[in-house]
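Here is the structure we will look at.
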Amino acid sequence: MKEQELKKLVEDMTLAEKIGQLVQVTPDFFDQSGEITGPAAEWQLPQDKLFQIGSVLGTHTAEQVYTIQKMYLENSRLNIPLLFMADVIHGYETIFPIPLALASSFSSELTEEVARLSALEATRAGVHVTFSPMADHVMDARWGRVLESNGEDPTLSAELTRGYVRGYQGTDLEKETERLAACVKHFVGYGAVQSGRDYNHVDLSAIELYQNYLPAFQAAIDEGVKLVMTSFNPINGQLMSVNQSLIKETLRQEMGFEGVVISDWNALEELLAHRVAADKYQAASEAFQAGTDIDMMSDCYINHLSEFSELDRQELDGAVLRVLTLKNELGLFENPFRGIPKTPDSIEQMLRNATKDAALKSFVLLKNEDDILPLQKTQQIALLGPKAASKDILGAWSWIGKTEHAVSLAEGLSSGLPHLTVWDNDGRTVDIAEAYQKMKDLAHKNDVILLALGEASEETGEAASKAEIQLSEAQIELVKEISAVNENVVVVLFNGRPLDLTAIEPYTKGILEVWFPGSEGGTAIAETLMGEHNPEGKLPMSFPRAVGQLPLSYQAYSTGRPLTEKNQNEKYVSKYMDIGNDPLYPFGYGLSYSDFSIDGFEQSAKILTENQPLTIQVVIRNTSKRAGVATVQLYVEDVVTKVVRPIKELKQWEKVTIEAETTEKCTFTLSVDDLAYVHKELACYPDYGQFRFHIGLDSQQTIDGQFDYVSDEE
Ligand code: NOJ
C-alpha cells in the first residue's frame, strides 16, 4: 500500500477503530464461538470492539495465527490485518543459548545469525514481530533478567544489539517474509532496579543514562529497529509509560526513532498500583500524551482513551499511522498470512546444528588447573550432580522450546566416552546418605569427576531476582564432599547470571561455564570437554566475590581514596573490610586449551588528531601445541576528565585464530569517536589531552601504552 492510501485509510476510520489499532491482547480474547467469554468478557468487550483490535501477542502455532487472522478479517469492517507479536528471545522452537551466553562470543556476527535463524522459524509459525533484542544495561547479577542481556559493557552491548536487529529484520521486510520486525526493549533503565529486585524503583543520573543506558538503544535505532518497548520502571519518579520527556524528546527527537512505541504488559494499569494514576482514564490519557502508541494487555486504551476530551486528533492519527505503516512494511495488507508456508519443509536439523555451533562459541573456561581439560578417552569419568542428565538446559524465555527434545550432558557424553558412569539422583527418591555414599564411591573409582551444577530455569529470567547468588547449599556441600575423595573435580556450570563461586572454586580443578546452552547443549559441551572444540568465550559480566559487591562492573569509577597495592592495610581507602574490590573472574576473562600471550604492540604515532587516527598493532603468541581463538581487547583511559569517569572502557576487540606455536597480528585503529564521553551538559565529545590504552585478553591483565589527543592545528 502506498503512503497516501494508508493516510486515506486513517481518515476513513472511526475513533473506536483508531483506538483499537493501539491495543494489544492475547489470543484467548479470540477463543470464542460468537459468545464473549474469558478475558474479553472481563474487559466487557463487545464483538465490534474485539474486531477493531490491532495486534495479538503470544500465539503458539501457525494454525492458531491462521484461524484468528481469518476470523478477524471476516468480521472487521476495514480489513486491516492483525499484527502478531511474540517473545522470540533466543530461538522459537529450536532454542539457542541464552543472550548472556551469546554475548560471551563477543560476536555480532553470531547474534545476527541467531536472530536470522530465530526469525526463520518464528515467521513460519505466523509471527510478525519479536520482543527482542533486550538492550538493557546491567550490572547487578541479582536481577534475573541479566540472562536476557548483553552484559555489563555498553559498547559490546551496542554492537551485539546491532547484530540482532540486522538478523531479525534483514533489509526488506515486505519481500523477506522469513524476517521479523524487531522490538528493542526495555526503554529505559530497567537494569538499574534497586537492589536487583525485579519491577523495583529506578533512580538514575542523566549522565549515567546517556553514557551507559542509551547507546545500545541508539544502535538499534541506527539499524532501523521498528519498535521500542517502554520499561515497567520509573526513572527519577516518572514511570516510563507516561514519561513524555524520555519518549518524545529523548527517544523520538534526540535519538531519531520514528517507529512504534509499545508499553510492557499491563504497565498502564500498573500506574494505579504505583499510585500515580487515580483511575484507568488517567492512566490512558497520560500514557497517550507521553507518546505510548500501543497499550499491551490492559484495557486502559480500549475502554478509556475515547473519554479523553483533549485527545489530540493529529497525535492519534500519527500513532495509528505508525501502526499501519508497520503492518504495511511487513506486507500484511497484501499477505495477511505472511510467512506461513503451505507445505513446510523441515529446517529442524539445520537449526539444531546452528544452535550447537552457537553454544560452542559461548562457553567460558573459567579454570583449568593442571590442564585437567580436555578429558582423555582412556580416562574413567564419573558424571554427577543435579544437571548431569537434566534436560532443563534451555533457560527462561524458551516457552515454545521443547525441553524433552534438548540433549542433556549425559546424552552428549554417552557416545564419546567409553568409560563414563552417570549418577543423577534428580527426581529419584533415594536417601541422601545413600546418594552421597554412591557418589563418593564413584569419586573414588574414577579418574575425573564431572560435577554438573547450576540453576533451574525458573531461577532465572523475569521475576527471578535473588538475594543470594551462590550455588545451593546442597551443591556446595557436594563439591566439598567429592573433592575430599578425589581432587580431580571439574564443574560444568549451567546458569543464567554470574554466580558467586567463591565457596566452590578452591575445591575444583576445572570450571566450564556453559550457561543455559540451548537445544543441543549436551552435544556442544561434550565436544568441548573432549577437546574436539577449544573454548573461546569471554565473560560479558564480572563474576563477583560476594553478593555485597553488586552492582559491579569492570568500569569502576575513580575515587578520591583508591585502593592500591601499597595502601591495602590503611583504613580510609575505598575498600571492603572483608573481601577485595576485584571480582573473582573479571569481564572479558576466559581461558582456552591453547596458551596465549601478548608479545607487544607498535603504535603508529604518539598522538591522535581528528584527521589522524592512531593505529596500534598487537602481536599475540600461541605458545601451545593447539590452535585456538584469542579475543584481544583494547581499553582506553582518559587521564584527566571533566566529570568523574570509569578508569577504563572497552573500545575495540578482535577475535583472532592462531595456529599452534605461531604468532598473529591484529590491528586496532583508534579515532576521536573512541575518546568521546558524556559531559555535564549531556553532550558527547572528547577532550584534548593525555590518554592511556590497555591491551589484554581480559579487562584486568593488560599491557599499557599512551598517546595524546591534540588538535590538527598543533
Ligand atoms: C513482560 C516482559 O517484561 C517483556 O520483556 C515481554 O516482552 C512482555 N512481557 C511480553 O511477553
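Values in this document were obtained by computation on a predicted structure and should not be read as measured data. In listed order, ligands and their atoms are each counted from 1.
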message = By the definition salt bridge (charged side-chain N to carboxylate O under 4.0 Å, His left out), identify the one residue from Lys248, Arg322, Arg252 that meets it with Glu315.
response = Lys248
message = Between Arg162 and Glu112, does any NZ, NE, NH1 or NH2 come within less than 4.0 Å of an OD or OE carboxylate oxygen?
response = no
request  = Please determine if Lys185 has a nitrogen or oxygen closer than 3.5 Å to a nitrogen or oxygen of ligand 1.
outcome  = yes
message = Under 3.5 Å, is there a donor on one side chain and an acceptor on the other for Gln555 and Asp153?
response = yes
request  = Answer yes or no: is there an ion pair linking Glu178 with Arg116, defined by an N-O contact shorter than 4.0 Å?
outcome  = no
request  = Using non-hydrogen atoms of the residue, decide whether Arg145 is closer than 4.0 angstrom to ligand 1.
outcome  = yes
ask   = Does NZ or CZ of Lys185 come closer than 6.0 Å to the centre of the six-membered ring of Trp397, within 45° of the ring's axis?
value = yes
inquiry  = Could you check whether Glu404 pairs with Lys391 (Lys NZ or Arg NE/NH1/NH2 to Asp/Glu carboxylate O, under 4.0 Å)?
reply    = no
ask   = Does ligand 1 have any atom sitting under 4.0 Å from a heavy atom of Met134?
value = no
query = Met297: heavy atom below 4.0 Å from ligand 1, yes or no?
reply = no
task = Would you tell me which option among Asp87, Thr26, Asn266 has the nearest heavy-atom contact to atom 6 (C) of ligand 1?
result = Asp87
query = Can you tell if the side chain of Val323 reaches within under 4.5 Å of the side chain of Ser55, non-hydrogen atoms only?
reply = no
ask   = At under 4.0 Å between heavy atoms, which part of Met85 makes contact with ligand 1: side chain, backbone, both or neither?
value = neither
task = May I ask you to identify the nearest protein heavy atom to atom 8 (C) of ligand 1, giving residue, atom name and distance to one decimal place in Å?
result = Asp264 OD1, 3.3 Å
key: Min N/O separation Glu148 to ligand 1 under 3.5 Å   = no
Glu462 neighbourhood, listing ligand 1 atoms whose heavy-atom distance to it stays under 4.0 Å = 1 (C), 2 (C), 3 (O)
